[in-house]
Amino acid sequence: MTFRIRFTEEAQADLARPDDFLLDRDPPDLTAGEHALAAIAHGIDLLEHSPWSCRKAHPGEPRLRELLIGFGHSGYVALFEIEDECTVTILALRHQREDDYH
């Protein structure tokens with residue numbers, strides 16, 4: 001079974017900002033944002049086939065899950081919900097070193 005991947009408006013906005021976090025580093029990495037987006041896209045591809053394999057975000061909500069996306073020494077976390085038997089909705093994305101989801 002293949003799941004359809006959707007993004008909330010907030011998650012789409014999060015996709016536009018991997019560069020922001022990486023540029024705040026010392027020294028700034030001017031090419032890392034492009035590589036980060038590629039890593040995020042590759043990680044999200046997993047959700048088309050195996051969203052249930054990701055860790056639960058909250059014990060009482062089995063459909064709310066987190067996908068860990070490796071990138072460099074840390075990576076990104078995608079918060080998502082399995083809506084039904086054919087739809088996954090990405091709710092938020094953040095760098096693992098950020099404070100929390102936006």
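Residue indices begin at 1 and follow the sequence shown. In this text, all values refer to a predicted model and were calculated from it rather than measured experimentally.
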### Message
I need the Met1 CE to Glu85 CD distance, nearest 0.5 Å.
### Response
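Between atom CE of Met1 and atom CD of Glu85 there are 6.5 Å.
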### Task
Can you measure from SG (Cys54) to CG (Leu64) and round to the nearest 0.5 angstrom?
11.5 Å
### Message
Closer than 3.5 angstrom, by distance alone: can the side chain of Thr89 be matched with the main-chain N or O of Phe7 as a donor-acceptor pair?
### Response
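Absent.
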### Task
Might you work through the side chain to side chain contact (heavy atoms under 4.5 Å, CB included) test for Leu93 and Leu15, ending with a clear yes or no?
CA-CA 7 Å; Leu93 291 156; Leu15 278 175; 3.4 Å; yes
### Task
Might you work through the side chain to side chain contact (heavy atoms under 4.5 Å, CB included) test for Val88 and Glu83, ending with a clear yes or no?
CA-CA 6 Å; Val88 168; Glu83 298 283 339; over 6 Å; no
If you define the side chain from C-beta out and look only at heavy atoms, does anything of [X] sit under 4.5 Å from [Y]?
| X | Y | result |
| --- | --- | --- |
| Leu67 | Leu47 | yes |
| Phe3 | Trp52 | yes |
| Leu79 | Ile90 | no |
| Arg6 | Thr87 | yes |

Between [X] and [Y], what is the shortest heavy-atom contact and its length?
| X | Y | value |
| --- | --- | --- |
| Pro51 | Arg65 | O-CD, 3.7 Å |
| Ala92 | Ala11 | N-CB, 4.0 Å |
| Ile5 | Glu48 | CG1-CG, 3.8 Å |
| Gln96 | Leu68 | NE2-CD2, 4.0 Å |

### Task
Report the C-alpha separation of Arg63 and Glu81 in whole Å, then their side-chain angles, then the decisive distance to 0.1 Å, and conclude whether the salt bridge (Lys or Arg N to Asp or Glu O under 4.0 Å) test is met.
CA-CA 5 Å; Arg63 292 181 174 270; Glu81 183 174 10; over 6 Å; no
### Task
Evaluate the ring planes of Tyr76 and His95, with Trp represented by its six-membered ring, and classify them as parallel (under 30°), tilted (30 to 60°) or perpendicular (over 60°).
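Perpendicular: the ring planes of Tyr76 and His95 meet at over 60°.
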